[in-house]
Each structure stands twice: as structure tokens, then as C-alpha cells.
Enquirer: 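Encoded as C-alpha cells, here's the structure I'll be asking about.
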Amino acid sequence: MANVEFFTTGPRDDTFTVRLQGDWVFENVETLEQALNEVQPGDLGAVEYSCGGLQNIDIAGAWILFESSKRFEEQGKQVDFVGFRAAHFKFLKQITAINTDGQMGLDAPLEEELHGVTDAIAAVGRHVVDLVEDIGFITHAILDGIRRPSRIALRETIRQLDVTGLKAIPLVALIAFLIGVILAYQSASQLEQFGAQIFVVDFVTDSMLREMGVVLTAIMLAGRSGSAFAAQIGVMKLNEEVNALRVLGLSPNLVLIAPRVVALVIAMPLLTIVANLAGIGGGLVIASATLDISPAQYLNRVSEVADLKTLFMGLAKAPVFAVLIAAVGTLRGMQVSSSSEDLGAKTTLAVVQSIVLIIVVDAIFAFFYSMFDL
């Protein structure tokens with residue numbers, strides 16, 4: 001029977017027992033390793049490690065214990081661990097979870113985390129594949145419309161232009177007007193400190209024409225028209241109306257997708273102009289009411305700041321945003337397949353993806369404008 005600082009040993013029936021005690025931590029690793037190497041169970045067929053007197057154990061101590069147990073297993077002995085408290089056993093569990101090749105295994109929480117990572121990577125891959133399919137699908141619809149414009153549902157295009165364009169004017173104008181008020185009010189509080197209130201006009205005009213007008217309009221249309229496209233076409237999918245169009249020899253691309261894309265591409269620049277005017281009008285209200293800038297002074301300053309280059313830098317984004325919104329909305333609607341729950345999920349996804357794409361593409365535009373010093 002051996003008795004050292006960190007364990008005692010002795011036979012019990014056909015089992016050689018190692019009773020752990022003290023602190024099995026990194027500081028004592030060298031002493032532990034030397035002491036365990038001297039342990040010899042003899043002819044006994046089993047070795048049992050008992051944790052009755054163990055005070056502390058860390059990953060280093062657990063590793064030394066694991067190596068000792070593997071040495072006995074290689075001698076053909078059965079090894080058991082008993083009496084470990086949860087605080088002690090968690091380290092030993094990490095070390096002893098190995099496969100038959102002697103490689104360290106993974107405990108359940110870590111394995112679940114790795115599964116979560118692989119599932120996330122797979123989901124990203126599926127979204128990339130879906131995106132490529134979507135781009136091909138919408139491109140095919142647009143090319144069909146260009147090649148055979150007479151086959152596009154003209155009446156549906158006009159109806160969508162009314163719904164997405166004309167009926168959206170009050171909402172777009174109201175939101176843009178309020179944003180113009182906010183921009184003017186916030187910039188005035190800073191510029192007043194330097195006696196430069198007149199530059200409020202520059203700030204509001206340039207912000208609305210270059211950035212805020214088109215981005216606000218796109219985000220509002222993503223929530224208003226993009227969700228409507230997904231919901232309308234999704235309901236048609238659930239009611240088998242899309243399949244009925246195919247049975248009648250009609251292309252869903254030309255009947256459902258192309259009219260919405262064309263309508264939004266036409267409506268978006270026009271709504272952007274409305275948003276620009278409304279935002280500048282909001283700045284006019286604040287300038288006249290709080291900054292002692294007369295409407296004539298304000299409009300004169302606007303005419304100096306608002307050149308064609310600034311206007312077209314904002315309007316150039318409008319058709320791109322329109323295609324993104326229409327494409328995502330219609331294609332998510334075409335992907336509805338099972339139930340009303342799937343319809344709601346695809347509609348929500350259409351809005352979220354549209355807004356994210358709008359911000360990403362706007363950042364790309366900003367990068368290129370900066371690169372070319374525009």
C-alpha cells in the first residue's frame with residue numbers, strides 16, 4: 001500500500017484502489033506525474049480511482065489522471081472512476097471523452113455548438129444557391145419582357161403602377177417631409193453656434209437629393225410594395241392560381257413578375273423626386289419658423305446647391321433599388337409552398353432581405369462615388 005501527498009493506494013478484493021486527495025492542479029503536475037508512474041497494481045484485474053479526499057482539480061490534473069488510466073488500460077486492466085463531485089468530474093469528462101482511435105472526443109454542449117455552426121454554414125449556402133436561382137429567374141422574366149413586350153400584361157402593369165406609385169405618394173411625401181424637418185432642426189442647433197444658419201439649407205438639400213430621399217423611398221416601398229408582392233403571389237401559389245396560369249399556356253413570369261418589376265422601376269424615380277421635394281419643403285418650414293430665413297432666401301439657396309449632378313447621383317440608385325425590391329418580393333411569393341404560416345414567413349423575409357440589400361447596395365454606391373470623387 002502506497003501513501004503519498006496526493007493519493008493513497010491499496011488492494012480491495014480484485015480491485016486496486018487509488019484514493020485521490022489534496023489539490024490536483026497545474027502547480028503539482030510534476031510531482032503527480034512522478035508519483036503515478038510508480039504506482040503498480042500488480043496482478044489485480046481492475047483499477048478504481050476514488051475522489052473521496054480530492055479538494056481541487058483542474059484540466060492539467062485531469063490530464064495526468066487520464067494518462068495514468070490509459071497506462072493501466074494498455075496493461076489490460078479495467079479502469080473505473082467513482083465518487084467524483086460535479087465540479088471535479090467536468091474536467092475529467094472533457095479529457096476521457098475519447099473515441100476508439102485515442103482521439104479526444106467532444107462533450108455534448110460543445111458538439112451541439114459545432115452542429116449549430118455547421119447548420120449555420122449550410123443555411124448560408126442554401127441562401128446563396130437560392131439567390132443565384134432568384135437572379136436567374138428574374139433575369140429570365142425581364143428578358144422575356146424585353147424580347148416580347150406585347151406578351152407583358154399591360155393592364156396589370158398599369159394597375160401595379162397605380163398601386164405602387166400613385167397611391168404611395170401621400171405616405172412617401174409625409175415621411176420625407178418629417179425627415180426634412182428633423183434634418184433642419186438638428187443641423188440648425190449645431191450651426192447656430194457658429195452663426196452659419198444659412199448652411200442648414202445646404203445640408204437638407206444635399207442630404208435629401210444624394211441620399212435620404214431615395215433610401216427612404218426604397219425602404220418604404222420595401223415595406224409597402226415588397227410585402228404586398230410576396231403576399232399576393234404567395235396566396236396565388238396556395239390557391240393553385242399560378243399552376244392554372246401554366247395550364248392556360250400563360251407564363252407566370254410575364255403575367256405576375258414582369259408587370260410588378262416594370263411598374264416599380266417606373267414608380268421609384270418619380271416617388272424619389274416627390275420625397276426630395278417634400279424633404280426640402282420640411283426644411284423650408286423649420287428655416288422660416290425658427291431661423292429667420294425667408295422662403296425666398298431658402299429657395300434661392302436651394303437653387304444654388306441643387307445641381308443636376310447631385311440630383312442624378314440620387315436618382316441613379318432608384319431603378320436598382322426598385323429591381324431589388326420587386327425581385328425579392330415576387331420571388332419570395334413564388335417560393336410559398338405549404339401553408340399560411342409559410343406565407344407569413346416568406347412575406348417577412350421579403351421585407352427584411354429587401355431592406356438589407358438596399359443598405360448594402362447604397363454602401364456600394366457610396367464607395368464608388370467616393371472613389372470617383374463625385
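Note that the structure is predicted; figures quoted are calculated from it, not measured. FYI, side chains are in, hydrogens and waters are out, and symmetry mates aren't considered; it's all heavy atoms of this structure. For the single chain, residues carry numbers from 1 onward in sequence order.
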Enquirer: Where is the tightest heavy-atom contact between A350 and G329, given as atom of each residue plus distance?
Expert: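 What the structure gives for the nearest pair is CB-CA, 4.1 Å.
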
Enquirer: Could you state the interatomic distance from CD (Q197) to OG (S187), rounded to the nearest 0.5 Å?
Expert: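 So the gap between those two atoms works out to 10.5 Å.
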
Enquirer: If you group Ile, Leu, Val, Met, Phe, Trp and Tyr whenever their side-chain heavy atoms sit less than 4.5 Å apart, what else falls in with V235?
Expert: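 Same cluster as V235: L238, V336, L343.
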
Enquirer: Cluster question for you: counting only ILVMFWY and a side-chain heavy-atom cut-off of under 4.5 Å, with indirect links fine, are V302 and L191 together?
Expert: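 Both belong to a single hydrophobic cluster.
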
Enquirer: Provide the full list of salt bridge (Lys or Arg N to Asp or Glu O under 4.0 Å) pairs with a residue in residues 217-239, sequence neighbours left out, each pair given once.
Expert: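 Listed once each, the pairs would be none.
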
Enquirer: Is there a side-chain contact between T17 and E48 (heavy atoms, below 4.5 Å)?
Expert: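 Yes - at least one pair of side-chain heavy atoms lies under 4.5 Å apart.
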
Enquirer: Using a 4.5 Å cut-off on heavy atoms from C-beta on, say whether the side chain of L256 contacts that of F229.
Expert: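 Sidechains of L256 and F229: no contact.
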
Enquirer: Compare every heavy atom of V204 with every heavy atom of G279, then report the nearest pair and how far apart it is.
Expert: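 Looking at all heavy atoms of both residues, the shortest contact is O-CG1, 3.8 Å.
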
Enquirer: With sequence neighbours excluded, tell me which residues meet side-chain contact (heavy atoms from CB on, under 4.5 Å) with A318.
Expert: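 For A318, the residues satisfying side-chain contact (heavy atoms from CB on, under 4.5 Å) (neighbours in sequence not counted) are V214, M268, P269, T272.
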
Enquirer: Quick one: CD on E241 to CG on N243, what's the gap to the nearest 0.5 Å?
Expert: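 Going from CD on E241 over to CG on N243, the span is 10.5 Å.
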
Enquirer: Is the closest side-chain heavy-atom distance between Q335 and L349 below 4.5 Å?
Expert: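 A side-chain contact under 4.5 Å is absent here.
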
Enquirer: side-chain contact (heavy atoms from CB on, under 4.5 Å) with S288: which residues, sequence neighbours excluded?
Expert: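 L284, P295.
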
Enquirer: Quick one: does Y298's side chain have a donor or acceptor within less than 3.5 Å of a partner on A287's backbone?
Expert: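 No.
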
Enquirer: Can you list the other members of the hydrophobic cluster that holds V163, where links are side-chain heavy atoms under 4.5 angstrom apart?
Expert: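 Hydrophobic cluster check, V163: no partners found.
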
Enquirer: Would you call L161 and V262 a side-chain contact if the rule is heavy atoms closer than 4.5 Å?
Expert: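 The answer is no, as the side chains (C-beta and beyond) never meet within the 4.5 Å cut-off.
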
Enquirer: Enter the distance from L36:CG to T31:OG1 here, rounded to the nearest 0.5 Å.
Expert: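 That separation rounds to 10.5 Å.
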
Enquirer: Within the supplied structure, the quantity of interest is the number of heavy atoms (other residues, nucleotides, ligands) at a distance under 6.0 Å from N239 CG; does it exceed 12?
Expert: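 More than 12 heavy atoms, drawn from other residues, nucleotides or ligands, come within 6.0 Å of this atom.
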
Enquirer: Can you name the side-chain contact (heavy atoms from CB on, under 4.5 Å) partners of V361, sequence neighbours left out?
Expert: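 Residues passing side-chain contact (heavy atoms from CB on, under 4.5 Å) with V361: V320, F321, L324, F365.
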
Enquirer: Which pairs with one or both residues in residues 354-368 pass side chain to side chain donor-acceptor pair (under 3.5 Å), sequence neighbours excluded?
Expert: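 Output for this query lists K317-D362.
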
Enquirer: With sequence neighbours left out, write down each residue that passes salt bridge (charged side-chain N to carboxylate O under 4.0 Å, His left out) with D23, or none if nothing qualifies.
Expert: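 Expected list: none.
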
Enquirer: Any side-chain heavy atom of Q232 within less than 4.5 Å of one from M236?
Expert: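 Answer no - side chains too far apart.
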
Enquirer: Are M208 and I198 joined in one hydrophobic group, where the rule is that I, L, V, M, F, W and Y side chains link up if heavy atoms are under 4.5 Å apart?
Expert: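 Result: yes, single cluster for both.
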
Enquirer: Working to the nearest 0.5 angstrom, can you tell me the gap between I286 CD1 and I182 CD1?
Expert: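 That separation rounds to 9.5 Å.
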
Enquirer: Has the side chain of S370 got a donor or acceptor atom that lies under 3.5 Å from a matching backbone atom of A366?
Expert: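 No.
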
Enquirer: Salt bridge (Lys or Arg N to Asp or Glu O under 4.0 Å): which pairs involve residues 172-185, sequence neighbours left out?
Expert: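 Non-adjacent pairs meeting salt bridge (Lys or Arg N to Asp or Glu O under 4.0 Å): zero.
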
Enquirer: Is there a side-chain contact between M220 and L271 (heavy atoms, below 4.5 Å)?
Expert: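 Result no, sub-4.5 Å side-chain heavy-atom pair not found.
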
Enquirer: How close do A176 and A275 get, counting heavy atoms only, and between which atoms?
Expert: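 Closest pair (atom of A176, atom of A275, distance): CB-O, 3.3 Å.
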
Enquirer: Applying side-chain contact (heavy atoms from CB on, under 4.5 Å), run through T205 and V201 and close with a yes or a no.
Expert: CA-CA 6 Å; T205 303; V201 185; 4.0 Å; yes

Enquirer: Looking at R19 and T9, what are the two nearest heavy atoms and their distance?
Expert: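 Looks like NH1-C, 4.4 Å.
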
Enquirer: Might you point out which heavy atoms bring L209 and A306 nearest each other, and give the distance in Å?
Expert: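 Nearest pair, atom of L209 first, then A306: CD1-CB, 3.5 Å.
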
Enquirer: Side chains of V305 and T310, heavy atoms from C-beta outward: is any pair under 4.5 Å?
Expert: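 Not in contact.
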
Enquirer: Of all the heavy-atom pairs spanning G213 and T217, show the shortest one and how long it is.
Expert: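 Result for this residue pair: O-OG1, 2.7 Å.
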
Enquirer: With sequence neighbours excluded, give me every side chain to side chain donor-acceptor pair (under 3.5 Å) pair touching residues 342-351.
Expert: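 Only D342-K346 qualify under side chain to side chain donor-acceptor pair (under 3.5 Å).
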
Enquirer: State whether the number of non-hydrogen atoms from other residues, nucleotides or ligands found under 6.0 Å of Y185 atom OH is greater than 12.
Expert: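 Atom OH in Y185 is not packed in, count stays at 12 or less.
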
Enquirer: Going through the distances and angles, do K70 and E73 end up as a salt bridge (Lys or Arg N to Asp or Glu O under 4.0 Å)?
Expert: CA-CA 5 Å; K70 290 300 293 179; E73 286 181 353; 3.2 Å; yes

Enquirer: Would you say N300's side chain and A296's backbone share a donor-acceptor pair under 3.5 angstrom?
Expert: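 No: the side chain of N300 does not pair with the backbone of A296.
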
Enquirer: Look up atom CG in N276 and atom CD1 in I273, then write down how far apart they are to the nearest 0.5 Å.
Expert: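 Reported to 0.5 Å precision, the distance equals 7.5 Å.
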
Enquirer: Answer yes or no: is there a side-chain heavy-atom contact under 4.5 Å between I325 and I358?
Expert: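 Side chain of I325 against side chain of I358, heavy atoms only: contact under 4.5 Å found.
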
Enquirer: Using the rule that Ile, Leu, Val, Met, Phe, Trp and Tyr join whenever any side-chain heavy atoms are under 4.5 Å apart, tell me whether V215 and F177 fall into a single cluster.
Expert: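 Cluster IDs for V215 and F177 differ.
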
Enquirer: To the nearest 0.5 Å, how far apart are CZ in F203 and CD in Q186?
Expert: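 The CD atom of Q186 is 9.0 Å from CZ of F203, to the nearest 0.5 Å.
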
Enquirer: State which residues pass salt bridge (charged side-chain N to carboxylate O under 4.0 Å, His left out) with E304; sequence neighbours excluded, sorted by chain then number.
Expert: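 Applying salt bridge (charged side-chain N to carboxylate O under 4.0 Å, His left out) to E304 gives R301.
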
Enquirer: Which pairs count as side chain to side chain donor-acceptor pair (under 3.5 Å) when at least one residue sits in residues 158-181, sequence neighbours excluded?
Expert: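 Of all non-adjacent pairs touching residues 158-181, those that pass side chain to side chain donor-acceptor pair (under 3.5 Å) are E156-R159, E156-Q160.
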
Enquirer: Should V285 and I280 be regarded as members of a common hydrophobic cluster, given that ILVMFWY residues are connected when their side-chain heavy atoms come within less than 4.5 Å of each other, either directly or indirectly?
Expert: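 Result: no, two separate clusters.
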
Enquirer: Would you say L183 ends up clustered with L299 if hydrophobic residues are merged whenever their side chains have heavy atoms under 4.5 Å apart, either directly or through other cluster members?
Expert: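 Looking at the clustering, L183 is in the same group as L299.
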
